[in-house]
2 protein chains.
Amino acid sequence: MTTETSHPSVAAVRSTEEQYVEVIGLLEEQNSPVGTAPIAENMQLAMPSVSEMLKRLADKGLVTHAPYEGASLSEKGRMLFANVIRRHRLWEVFLTQHLGMSWHNVYEHACRLEHGTLEPVTARLGSFLGNPEYCPHGSPIPGADGTWPPSQGQPLLEMPIGSEYQIVRILQENDADCLTFLFERDVMIGTVVRLMDIASYDGTVSLDVSGKPVAMGTRVASRLRVTPIVEMRGNASGEST
Amino acid sequence: MTTETSHPSVAAVRSTEEQYVEVIGLLEEQNSPVGTAPIAENMQLAMPSVSEMLKRLADKGLVTHAPYEGASLSEKGRMLFANVIRRHRLWEVFLTQHLGMSWHNVYEHACRLEHGTLEPVTARLGSFLGNPEYCPHGSPIPGADGTWPPSQGQPLLEMPIGSEYQIVRILQENDADCLTFLFERDVMIGTVVRLMDIASYDGTVSLDVSGKPVAMGTRVASRLRVTPIVEMRGNASGEST
DNA sequence: TCAAGAAATTAGGCATTCCTAAATCTCATG
DNA sequence: CATGAGATTTAGGAATGCCTAATTTCTTGA
């Protein structure tokens, strides 16, 4: 903190590095440290490319990385991560709320915009949007100071069968195919679903989405985060469209 | 037009190439073809870097370039140019009108955003902004089809002395120092100025900006484009702030 | 315990895009 | 028409960031 940069987005941080930090940070939310393979798969790169870059990120102090043991974001890396995610998710909010784009395909566009967004624009974009705390997929948006709003929702698969829940978050928002799958079945943030069954054989999950049956595998279902809905007789709640 | 891309922003056009095309296109508005030196100066690069890239842009069919004779955008290059400028200036409008940024420093930010903006976002951003025809510096914004609105204004220096004019365009909006110079003297789009004098000795231009005298050299003054104001007695017109 | 097999790294290359230094071309002018 | 200044290109090299192929390390089950 001597003559160092105060805003990670401004200084000598290459756009490629930001992308790596973003992916590593997101993967680390699932399990840490992150191996080379998941990063390579996520970024559609060959493993040696990732291996090499991890070394360079470690040199820059953005990650800690002992060979054969995966990578974790350093303190500096986590600060950059929060900043990148903030930019990313603010753009997602802009793209959906103001440009009318659909939540299931804004990830890629936000990804492209985030790396060209310097701090003055980030700050003003935040104000313009009303400093939202959650992105269109329900994930938290770090504040300008790097603090995270609480994560919302509990895993749908851990909830008792038979009750109704409102979807408040869909994880792994960078998996476009998964989001499209859900989008086409009207499963999105705010949707009220009733958990009908989790098949003991292969784990297939059956939902009722405002009267329509929807089935999905555990891989998809495990990404849904919900809050319980208080059951009211005679009114199945009114947030379907 | 066989299996080619229809939108230049999407396909195999590198962001670096877009920047070169943008600079070449802008410089070509002053005089064509454009030499290696002005490009290098504008992009803050060494001349061999430009020379080499011009060869590569020529290979890609974006410019025509015979050695020692400067470069001009090809048809394909002009299409890309219009598209890049469209994205650039739409972002400038967004940054000033919606994020409240000042017209004199949005160029750089728009420059960073433009290269990450794919067609769906460009189209929706255009609609969101009401498909404006002019950027905050008064330059025309090409439409989605690549057609340009007419250029506005006439050179201030070609106007008769003593009359009032409204500034409708400031050229070379990528020259931040020049824009700041003007900004600090309240000379901007919409400002009404009276042309007081053009010194025959060194060409220094004297203006009256709502009662305040403002002097500037020809290099700056030659970038101002104005429309005449019909003189009305007893009302010096009311657009100063 | 030990040998697949999976995961990760090293080795060696390539494309992009920049640089400095040196050579070359153009053009105005004496 | 020769020449020197200035513009431009060529030559040679470096950093980034990706690749394939080969090697090394880790893990796990027989």
Worksheet item: How is B/Ala37 classified with respect to the nucleic acid when contacts are heavy atoms under 4.0 Å: base, sugar-phosphate, or nothing?
Response: sugar-phosphate
Worksheet entry | Terminal axis angle for the helix from C/dT1-D/dA30 to C/dG30-D/dC1, five pairs an end, nearest 10 degrees | 20°
Worksheet item: Under the salt bridge (charged side-chain N to carboxylate O under 4.0 Å, His left out) rule, what pairs show up with a residue in residues 131-140 of chain A, not counting sequence neighbours?
Response: none
Worksheet item: Can you check whether A/Tyr68 has a side-chain N or O nearer than 4.0 Å to OP1 or OP2 of C/dT10?
Response: no
Worksheet item: 5'-most contact on DNA chain D: B/Val34 or A/Met53, nearest heavy atom basis?
Response: B/Val34
Fill in: Presence of B/Ser51 side-chain N/O under 4.0 Å of D/dT9 phosphate oxygens OP1/OP2
yes
Worksheet item: Of the nucleotides C/dT20, D/dC19, C/dT9, which has the atom closest to the B/Ala46 side chain?
Response: C/dT20
Discussion item. Between B/Arg56 and C/dT16, is there a contact of a side-chain N or O with OP1 or OP2 at under 4.0 Å?
Written reply: no
Worksheet, complete the sentence: Expected list for residues 21-32 of chain A near DNA chain C, using heavy atoms below 4.0 Å, is none
Worksheet item: C/dT17 phosphate, OP1 or OP2: any side-chain N/O from B/Thr16 under 4.0 angstrom?
Response: yes
Worksheet item: Is there a side-chain polar atom (N or O) of A/Lys55 under 4.0 Å from OP1 or OP2 of C/dA8?
Response: no
Worksheet item: With under 30° as parallel and over 60° as perpendicular, where do the rings of B/Trp91 and A/Phe94 fit, or are they tilted in between?
Response: tilted
Worksheet item: Under 4.0 Å between a side-chain N/O of A/Ser49 and OP1 or OP2 of D/dC19, yes or no?
Response: yes
Discussion item. Counting the atoms with a prime plus P, OP1 and OP2 as sugar-phosphate, which does B/Thr36 contact under 4.0 Å by heavy atoms, base, sugar-phosphate, or nothing?
Written reply: sugar-phosphate
Worksheet item: Base, sugar-phosphate, or nothing: which does B/Pro48 touch, judged by heavy atoms less than 4.0 Å apart?
Response: base
Worksheet item: At under 4.0 Å, does any side-chain N or O of B/Arg14 touch on OP1 or OP2 of C/dA15?
Response: no
Item to complete: Report yes if a side-chain nitrogen or oxygen of B/Tyr20 is closer than 4.0 Å to either non-bridging phosphate oxygen (OP1 or OP2) of C/dC18; otherwise report no.
Response: yes
